[in-house]
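Encoded as structure tokens, the structure appears first; notes follow it.
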Amino acid sequence: MKLTVLGCWAPYPPAGGACPGYLVQSEGKNILLDCGNGVLSNLQKYLDFRALDSVVITHLHPDHYVDIFCLRHAIGIERRTRSDVNPVTLYLPDEPADAFAKIAGYTEAFTVVPIGSLPGNEINGIVIREVWIGQNKIKFVKTDHPLPTYAVLVEGKGKLFYSADTKWASYLPEFARGADAVLCEASFTEKNKDLTGIGHLSCRQAGELAKSAGAGQLIATHFWPGYNHKTIKAEAELGFGKEVILAHEGLQVTIK
Ligand SMILES: [Zn+2]
Ligand SMILES: [Zn+2]
């Protein structure tokens, strides 16, 4: 399994940067996790967009999905002139209803699947939903964030957990248990950790989540452009107890 970081900034990118987007290539499938502004441009450095199999939008905060409008045009226009370009399967939450309805209307470009419609199992009051993308099992669990948001587990030859956006939730390390890699938001430094209450993790909590999950490696992401990366890394490593990789556009990690 290969992870390529296409964007790692939130809620806005610095000059030349992009908001969250991660290409996961596993078992012959090309899966895009989140599609923030700048992601479609960066994607094309690594993959022809026509080769995307699936896109997962974890939640409908604009910095996680607005390039879906560009992808809609890219695929939609191709499909008017070529018979060999298929709609991309798009998994996303169906709330807020107005944002969902707009995207769901782009039937020329997307086969839309609300994540909440996937079959699920309830374990200790937590619903885990599942879908197969080729030989990859994809699991979803709702996080604790102001909008309906799903953390994602991709199980192919390797196992990748992506936190999406969330504040600390005790069930997340269990959901991520045994992941070879944890890709986790690290939104606030200790100085501003009181802000985590609005629905995010601190850098240290990102480390603690990966440690509790027994993860092989932690890739920290979702950075406020104003923060110092040395501080982010040091605080995440304090939580993880091991070296932490900081996401940046173009970072590629083999997961196994
Ligand atoms: Zn968010
Ligand atoms: Zn975010």
Report yes or no: do [X] and [Y] belong to one cluster of Ile/Leu/Val/Met/Phe/Trp/Tyr joined by side chain heavy-atom distances under 4.5 Å?
X: Val55; Y: Ile103; result: yes
X: Leu92; Y: Phe49; result: yes
X: Met1; Y: Val5; result: yes
X: Leu33; Y: Phe175; result: no
X: Val127; Y: Leu153; result: no

A quick test of your reading: do over 12 heavy atoms of other residues, nucleotides or ligands sit less than 6.0 Å from [atom1] of [X]?
X: Lys142; atom1: NZ; value: no
X: Trp168; atom1: CH2; value: yes
X: Gln135; atom1: CD; value: no
X: Lys211; atom1: NZ; value: no

Side chain [X], main chain [Y], donor-acceptor under 3.5 Å:
X: Asn30; Y: Asp53; result: no
X: Gln205; Y: Ser202; result: yes
X: Thr81; Y: Glu78; result: yes
X: Arg79; Y: Val85; result: yes
X: Glu174; Y: Ser170; result: no
X: Thr166; Y: Asp144; result: yes
X: Thr149; Y: Leu147; result: yes
X: Asp63; Y: Tyr12; result: no
X: Asp34; Y: Gly21; result: no
X: Asp165; Y: His145; result: no

Exercise for the section: Determine the interplanar angle of the Tyr150 and Phe140 rings, folded into 0 to 90°, and report it as parallel if under 30°, tilted if 30 to 60°, perpendicular if over 60°. Expected result: perpendicular
Looking only at the aromatic ring of each residue, does the gap between the centers of [Y] and [X] stay below 6.0 angstrom?
X: His222; Y: His64; value: yes
X: Trp9; Y: Tyr227; value: no
X: His59; Y: Tyr65; value: no

Problem - Donor + acceptor pair across side chains of Thr221, Tyr162 (<3.5 Å) - result: no
Problem - Residues Lys139, Glu155: salt bridge by 4.0 Å N-O rule - result: yes
Problem - Pair Glu249 + Lys45, salt bridge at N-O below 4.0 Å - result: no
Problem - Contact summary for Ser26 and Asn136, nearest pair of heavy atoms - result: OG-OD1, 2.6 Å
Problem - Minimum heavy-atom distance Pro93-Thr58, with the two atoms named - result: CG-O, 3.5 Å
[Y] and [X], any side-chain heavy atoms less than 4.5 Å apart:
X: Gln252; Y: Tyr46; result: yes
X: Asp94; Y: Val112; result: no
X: His229; Y: Lys233; result: no
X: Leu251; Y: Thr4; result: no
X: Leu90; Y: Ile57; result: yes
X: Arg82; Y: Arg50; result: yes
X: Pro20; Y: Tyr22; result: yes
X: Ile219; Y: Cys184; result: no

Rounded to the nearest 0.5 Å, what separation is found between the [atom1] atom of [X] and the [atom2] atom of [Y]?
X: Ile138; Y: Ile31; atom1: CD1; atom2: CD1; answer: 4.0 Å
X: Leu209; Y: Ser212; atom1: CG; atom2: OG; answer: 6.5 Å
X: Ile128; Y: Ile123; atom1: CD1; atom2: CD1; answer: 4.5 Å
X: Thr254; Y: Gln217; atom1: OG1; atom2: CD; answer: 9.0 Å

Handout entry: Steps toward side-chain hydrogen bond (donor to acceptor under 3.5 Å, both in side chains) verdict (Ser163, Glu185)
Key = CA-CA 6 Å; Ser163 66; Glu185 72 135 295; 5.5 Å; no
Exercise for the section: Start with the C-alpha gap between Glu108 and Arg72, add the side-chain angles, then the distance that decides, and say whether salt bridge (Lys or Arg N to Asp or Glu O under 4.0 Å) holds. Expected result: CA-CA 8 Å; Glu108 189 177 39; Arg72 167 251 174 150; over 6 Å; no
